[in-house]
Amino acid sequence: MTLHSLERRMHRRFSVQAGLYVAIKKSSFLNLAKPYFVKLGPLVDISKGGLAIHYIENNQRAQTYSSLSLVTAQGEVPFEDLSVRMVFDRKVAELPNKKCIRKRALAFGDLPGTYWTRIEEFLERLAMNPFYSPTA
């Protein structure tokens with residue numbers, strides 16, 4: 001058995017098929033209106049330890065962020081300002097236009113206690129129904 005074949009994950013990972021996206025929060029022009037969200041890519045999976053996304057490579061998406069939010073396809077924000085740190089970022093495919101699809105894994109950082117409870121509830125619902133959406 002090689003080191004690469006050992007399972008290093010500490011938490012069960014759940015696939016997400018509920019139309020959730022990872023987004024960054026941007027301030028409005030001159031901070032006159034409420035902030036808005038820019039979707040980076042779909043949420044691929046999530047665990048108690050963190051999450052993974054797929055995204056199409058560009059300058060804005062290639063940046064490293066310390067705080068991200070989850071946004072539904074309808075624009076609702078079930079989780080805002082999740083503290084994260086990057087674990088890895090790798091190419092998974094190349095598109096005909098030479099842009100790359102990448103996968104980024106992010107570990108959760110310091111989160112308020114209420115977030116841990118909400119994430120655990122979200123994971124429990126995903127275990128029963130992978131199409132669960134936190135706003136449904």
Task: Note, R104 side chain near Y55 side chain (heavy atom, < 4.5 Å) - done: yes
Task: From S69 atom OG to L40 atom CG, the distance as rounded to the nearest 0.5 Å - done: 9.5 Å
Open item on the list: Is there a path of hydrophobic side-chain contacts, each under 4.5 Å between heavy atoms of I/L/V/M/F/W/Y residues, joining I56 to V44?
Closed with: no
TODO: Identify the heavy atoms of K48 and F108 that sit nearest to each other, and give their distance.
DONE: O-CD1, 3.5 Å
Open item on the list: Restricting to non-hydrogen atoms, name the atom on H54 and the atom on P42 that form the minimum distance, rounded to 0.1 Å.
Closed with: O-CD, 3.2 Å
Open item on the list: For K99 and E94: C-alpha separation, side-chain torsions, deciding distance, then whether salt bridge (charged side-chain N to carboxylate O under 4.0 Å, His left out) applies.
Closed with: CA-CA 6 Å; K99 289 191 177 188; E94 190 170 319; over 6 Å; no
Open item on the list: Show the nearest heavy-atom pair for residues A23 and V71, with the distance to one decimal.
Closed with: CB-CG2, 3.7 Å
Open item on the list: Do L70 and V77 have side chains that approach each other closer than 4.5 Å (heavy atoms only, starting at C-beta)?
Closed with: no
Task: Within-4.5 Å side-chain heavy-atom neighbours: L106 and V87 - done: no
Open item on the list: What I'd like to find out is whether the side chain of F122 reaches to under 4.5 Å of the side chain of L20, using heavy atoms alone.
Closed with: yes
Task: K39 charged N/C atom sitting above Y21 aromatic ring, 6.0 Å / 45° - done: yes
TODO: Look at D89 together with K103 and state whether they make a salt bridge at an N to O cut-off of under 4.0 Å.
DONE: no
Open item on the list: With rounding to the nearest 0.5 angstrom, report the CD1 to CD1 distance, I46 to I53.
Closed with: 12.0 Å
- [ ] Would you give the length of the straight line joining atom CZ of F88 to atom CZ of R102, rounded to the nearest 0.5 angstrom?
- [x] 10.5 Å
Open item on the list: I'd like to check F79 versus I119 (side-chain heavy atoms, cut-off strictly below 4.5 Å). Are they in contact?
Closed with: yes
Open item on the list: Taking V84 as the starting point, is it possible to reach W116 by hopping between hydrophobic residues whose side chains are less than 4.5 Å apart?
Closed with: yes
Open item on the list: Let me confirm one number: the OH-CD distance from Y115 to E80, rounded to the nearest 0.5 Å.
Closed with: 6.0 Å
Open item on the list: More than 12 heavy atoms of other residues, nucleotides or ligands under 6.0 Å from CG of N97: yes or no?
Closed with: yes
- [ ] Any chance you could measure S66, atom OG, to D81, atom CG, to the nearest 0.5 Å?
- [x] 9.5 Å
